[in-house]
Each structure stands twice: as structure tokens, then as C-alpha cells.
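Right, one structure below, let's go through it.
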Amino acid sequence: MNAEAIIRSIEAKHIKDDLPEIYVGDTIRVGVRIQEGGKERIQPFEGTVIAMRNGGISESITVRRVFQGVGVERVFLLHAPRVANIQVLRRGKARRAKLYYLRDRVGKATRLKQRFDRAL
């Protein structure tokens with residue numbers, strides 16, 4: 001067995017199979033595991049997917065939201081144990097792969113049209 005096959009077999013154990021189909025432009029809620037003291041809780045982070053990168057075990061998404069007038073972006077590794085769950089709230093219509101132009105927009109200009117041809 002070559003090295004690539006060994007790596008792929010190890011990665012296969014850690015890949016999550018319960019993730020929904022996520023597209024750029026979708027509004028999603030990511031449940032993030034947070035450890036405070038000895039306790040663990042799940043904190044939701046809700047925003048728009050503005051970028052997707054890589055594939056397989058290293059697949060990641062960038063989620064943007066505006067909190068108290070300040071834009072906050074977080075990058076989530078989809079298959080990381082810190083990501084508890086992902087829920088798609090709304091499908092957005094995006095005509096490009098990266099929505100970095102939303103960073104320069106304020107207020108209603110950041111809204112994307114809803115897409116109805118993809119099921120939630």
C-alpha cells in the first residue's frame with residue numbers, strides 16, 4: 001500500500017457524512033463547540049457563506065456576518081470536531097465562486113436574492 005492510500009484511509013474515518021449540501025451565498029447556522037472551564041456548550045454562528053476552499057478532509061468555508069455594525073468573518077473546517085452541526089437557513093443566488101465584494105457593502109446592499117431551485 002502506498003502512502004497516498006494510507007493517508008486516504010486515515011482521513012476517511014474523520015470525514016463527516018451528515019453535512020448538508022452547502023453553496024456559496026447560502027445563509028447558514030454553524031454550531032461551534034466552545035469549552036468554558038470544565039463545561040462545553042454549542043454556540044451558533046449565523047451568516048452568509050462567502051467562500052469555499054479545498055475538498056475532502058480539508059474542506060473549509062468562510063462565513064460572514066455583521067455584528068453591531070462590524071463585519072465578522074470566520075473560517076470553519078467542515079470536518080473538524082469543533083463544528084458540531086451545520087444548518088442551511090436560506091439559499092442565496094450567487095453568480096460567482098467568491099463573494100468578497102460583500103465586504104465593501106453596507107446595509108441592504110449586502111442582501112442576496114433567494115434561490116428556490118435548490119431544496120433546503
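Fair warning: this is a prediction, and the values are worked out from it, not measured in the lab.
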Q. If you measure from CZ on R33 to CG on N85, what distance do you get to the nearest 0.5 Å?
A. 8.0 Å
Q. In terms of hydrophobic clustering (I, L, V, M, F, W, Y; side-chain heavy atoms under 4.5 Å; direct or indirect links), are V24 and Y100 co-clustered?
A. yes
**Q.** 4.5 Å side-chain heavy-atom contact, L112 and L99
**A.** yes
Q | For the student: nearest non-hydrogen atoms of A94 and G25, plus distance | A | CB-CA, 4.4 Å
Q | Reported CZ-to-CD1 distance for the pair R8 and I6, which is rounded to 0.5 angstrom | A | 11.5 Å
Q: Could you grab the distance from atom CZ of R95 to atom NZ of K93, nearest 0.5 Å is fine?
A: 7.0 Å
Q) Could you give the distance from CZ (R118) to CG (D26), rounded to the nearest 0.5 Å? A) 7.0 Å
Q.
Would R91 pass as a cation-pi partner of Y23, given that its NZ or CZ must be under 6.0 Å from the six-membered ring centre and within 45 degrees of the axis?
A. no
**Q.** Heavy-atom side-chain contact between I86 and L78 under 4.5 Å
**A.** yes
Q: Could you list the residues that satisfy side-chain hydrogen bond (donor to acceptor under 3.5 Å, both in side chains) with E40, not counting sequence neighbours?
A: none
Q: May I ask whether V66 and V30 are part of the same hydrophobic cluster, defined by side-chain heavy atoms of I, L, V, M, F, W, Y residues being less than 4.5 angstrom apart, directly or through others?
A: no
Q. Is there a side-chain contact between E59 and H79 (heavy atoms, below 4.5 Å)?
A. yes
Q: Please round to the nearest 0.5 Å and tell me the distance separating atom CD of E11 and atom OG of S58.
A: 7.0 Å
Q) So which heavy atom on R29 is nearest to which on E46, and how close? A) NH2-OE1, 2.9 Å
**Q.** Exam field: side chain K16 to backbone V83, donor-acceptor pair closer than 3.5 Å
**A.** yes
**Q.** Joint cluster assignment, F67 & F76, ILVMFWY side-chain distance < 4.5 Å
**A.** yes
Q: Locate the shortest heavy-atom distance separating L102 from R64; write the atom from each residue and the value.
A: O-NE, 4.1 Å
(Q) If I take atom OG1 from residue T110 and atom CG from residue D104, how far apart are they, to the nearest 0.5 angstrom? (A) 12.0 Å
Q) Out of curiosity, does V63 fall in the hydrophobic cluster containing V72 (side-chain heavy atoms, cut-off under 4.5 Å, transitive links)? A) yes
**Q.** Heavy-atom closest pair, residues I15 and G56
**A.** CD1-C, 4.3 Å
Q | CD (E4) with more than 12 external heavy atoms under 6.0 Å | A | no
Q: Kindly indicate whether the side chain of R82, heavy atoms from C-beta on, has any atom under 4.5 Å from the side chain of V32.
A: yes
(Q) Is any side-chain heavy atom of I61 closer than 4.5 Å to one of I28? (A) yes
Q | Any residue meeting side-chain hydrogen bond (donor to acceptor under 3.5 Å, both in side chains) with R103, in chain and number order, not counting sequence neighbours | A | E73
**Q.** Results of side-chain hydrogen bond (donor to acceptor under 3.5 Å, both in side chains) for E36 - residues two or more places apart only
**A.** R41
Q.
Taking I57's backbone N and O only, do any of them form a donor-acceptor pair with H14's side chain (distance below 3.5 Å, no angle check)?
A. no
Q) In terms of heavy-atom contacts, does CZ of R90 have more than 12 from other residues, nucleotides or ligands at under 6.0 Å? A) yes
Q.
Pair R65, F45 - check side-chain contact (heavy atoms from CB on, under 4.5 Å), show working.
A. CA-CA 8 Å; R65 70 184 270 198; F45 186 88; 3.5 Å; yes
Q: Please check if the side chain of R74 supplies one atom and the backbone of T62 the other of a donor-acceptor pair under 3.5 Å.
A: no
Q. Are the side chains of V49 and I22 in touch, meaning some heavy atoms are under 4.5 Å apart?
A. yes
